[in-house]
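All remarks here apply to the structure that follows.
These numbers were taken from a predicted model, which means no experiment stands behind them. In what follows, every chain begins at residue 1, and chains take the letters A, B, ... in the order their sequences are listed.
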Number of protein chains: 2
Amino acid sequence: MSQSSLPPLPCTCATLRRTARALTQLYEDAVRPYGLRATQFTILQVLSLAGEVTQGQLGHILVMDSTTLTRTLAIMTRRRWITRRRGRDKREWQLQLSRTGALQLERALPAWANAQQLVKEQMDGGSEQLMKLANDLTNAITVKEDRRDE
Amino acid sequence: MSQSSLPPLPCTCATLRRTARALTQLYEDAVRPYGLRATQFTILQVLSLAGEVTQGQLGHILVMDSTTLTRTLAIMTRRRWITRRRGRDKREWQLQLSRTGALQLERALPAWANAQQLVKEQMDGGSEQLMKLANDLTNAITVKEDRRDE
DNA sequence: GCCAATTACATGTATATACATCTAATTTGC
DNA sequence: GCAAATTAGATGTATATACATGTAATTGGC
């Protein structure tokens with residue numbers, strides 16, 4: 001089994017980027033009917049779990065440059081999936097899932113769960129292992145200065 | 001150990017995309033002094049290993065849309081890292097690493113090896129496991145129609 | 001061999017992504 | 001409390017990425 005049709009790559013980064021592309025195709029096929037991209041779905045889901053967070057905190061959680069989020073959040077705010085208000089610190093935005101956004105997430109959730117289920121089945125128990133290793137690596141290489149919040 | 005500073009994400013796709021972003025930062029920091037992006041380095045390395053391939057074959061290997069490669073290859077061809085010539089089938093391009101490209105790869109290789117080594121150390125033996133699981137998943141979800149070449 | 005279907009790549013468009021640089025707000029030293 | 005240093009996010013720019021669609025070449029059916 002596992003009759004490799006893809007040549008292995010010598011580079012860990014290239015390998016994980018390739019897997020991310022493959023997964024992105026699978027998941028975007030799933031949520032496309034709801035007008036969502038992978039990143040957008042992820043942000044909806046994270047906001048739903050995390051409640052109110054600043055743009056910078058969201059960037060930390062996703063290991064994504066805060067200025068990258070400026071563009072994606074602009075799209076999502078325009079579509080009224082997210083509400084933003086200034087925090088006590090007037091430089092930062094407090095972000096929250098709007099009712100529309102929560103509804104949007106709810107609608108797409110079954111399609112996402114299907115993709116998620118398919119991955120679990122294909123990996124035959126290995127998906128938890130994969131997630132754990134991926135998270136260990138992310139934690140290990142994500143710069144420590146990013147901590148201070150806890 | 002492994003005092004998780006990052007919250008786990010419920011989504012396999014989001015998790016792997018996050019890891020890919022973290023890895024990309026590490027590896028791009030390494031090869032940036034040589035004017036290379038992660039994707040560009042990967043293409044140099046793959047061409048060095050694979051010899052002459054068509055654009056479509058390269059897309060299969062990287063699980064990347066062939067039309068995406070059009071843009072990246074245009075950049076790399078402009079910089080003379082790659083030579084393209086029409087194949088017997090005049091629709092396709094036969095791609096090859098140029099001497100300049102091979103030199104470019106050679107120059108950046110030690111910096112890449114450092115990043116690679118750092119990942120290996122951080123993962124304490126788990127990096128092979130991670131690569132294997134990632135490749136299994138990629139093979140499992142990559143559409144089978146993509147085979148015919150072997 | 002011809003026409004229809006398919007294939008390989010190009011192009012238009014939208015989003016994702018990061019870095020350099022900029023501005024405004026906050027924090028730190030004194 | 002003020003000036004200097006830092007921080008949060010915005011903006012300009014370049015690349016990465018995929019999909020829809022277009023064009024030219026190839027293949028398949030007859």
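Counting to the nearest Å, the P atom of D/dA16 and the CZ atom of B/Arg17 are 16 Å from each other. Rounded to whole Å, atom C1' of D/dA14 lies 12 Å from atom CZ of B/Arg32. The separation between B/Asp65 atom CG and C/dA14 atom C1' is 14 Å, rounded to whole Å. Atom pair B/Leu23:CG and C/dT17:P shows a separation of 14 Å (rounding to whole Å applied). Whole-Å rounding puts the B/Trp93 CH2 to D/dT23 C1' distance at 15 Å. Distance A/Asp89 CG to C/dT27 C1': 10 Å, rounded to the nearest Å. C/dA16 atom C1' lies 9 Å from atom CD1 of A/Ile75, rounded to whole Å. A straight line from CZ of B/Arg18 to C1' of C/dA16 spans 17 Å, rounded to a whole angstrom.
Here C/dA18 is the nucleotide among C/dA16, D/dA25, C/dA18 with the atom lying nearest to any side-chain atom of B/Gln25. In this structure, of D/dT17, C/dC9, D/dT26, it is D/dT17 that holds the atom nearest to the side chain of B/Met64. Residue A/Thr67 has its side chain nearest to D/dA10 when only C/dA16, D/dA10, D/dT17 are considered.
The shortest distance between the side-chain N/O atoms of B/Gln57 and the OP1/OP2 oxygens of C/dA8 is not below 4.0 Å. When the side-chain nitrogen and oxygen atoms of A/Thr39 are compared with OP1 and OP2 of C/dT17, one or more of them lie within a distance under 4.0 Å.
Across the interface with DNA chain C, nearest-nucleotide mapping of B/Gln94 and A/Thr72 shows B/Gln94 to be the residue nearer the 5′ end. Between A/Leu69 and B/Glu28, the residue anchored nearer the 5' end of DNA chain D, judged by the nucleotide with its closest heavy atom, is A/Leu69. Each of A/Arg88 and A/Arg78 was matched to the nucleotide of DNA chain C holding its nearest heavy atom; the match closer to the 5' end belongs to A/Arg78.
Between the side chain of A/Arg18 and the main chain of B/Val63, no donor-acceptor pair closer than 3.5 Å is present. A/Thr54 places no side-chain N or O within 3.5 Å of a backbone atom of A/Gln94 that could act as its donor or acceptor partner. Looking only at distances, no side-chain donor or acceptor of B/Gln104 sits under 3.5 Å from a matching main-chain atom of B/Leu36. Looking at B/Asn135, its side chain never comes within 3.5 Å of a backbone N or O of A/Thr15 through a donor-acceptor pair.
The base of D/dT26 has none of its N or O atoms less than 3.5 Å from a complementary donor or acceptor on the side chain of B/Arg91. Looking at A/Arg71, its side chain has no donor and acceptor atom pair within 3.5 Å of the base of D/dG9. At a cut-off of 3.5 angstrom, counting only N and O atoms as typed in the model, there is a donor on one side and an acceptor on the other between the side-chain of A/Thr68 and the base of C/dA18.
A/Gln40 and A/Thr72 are not linked by any side-chain donor-acceptor pair at a separation below 3.5 angstrom, with hydrogens and angles left out of the test. Under the 3.5 Å distance criterion, with hydrogens and angles disregarded, a donor-acceptor pair is assigned to the side chains of A/Thr138 and B/Thr19.
A/Arg79 comes within contact range of the sugar-phosphate backbone alone, with a heavy-atom separation under 4.0 Å but no base atom that close. Among the heavy atoms of the strands, none lies under 4.0 Å from A/Arg86.
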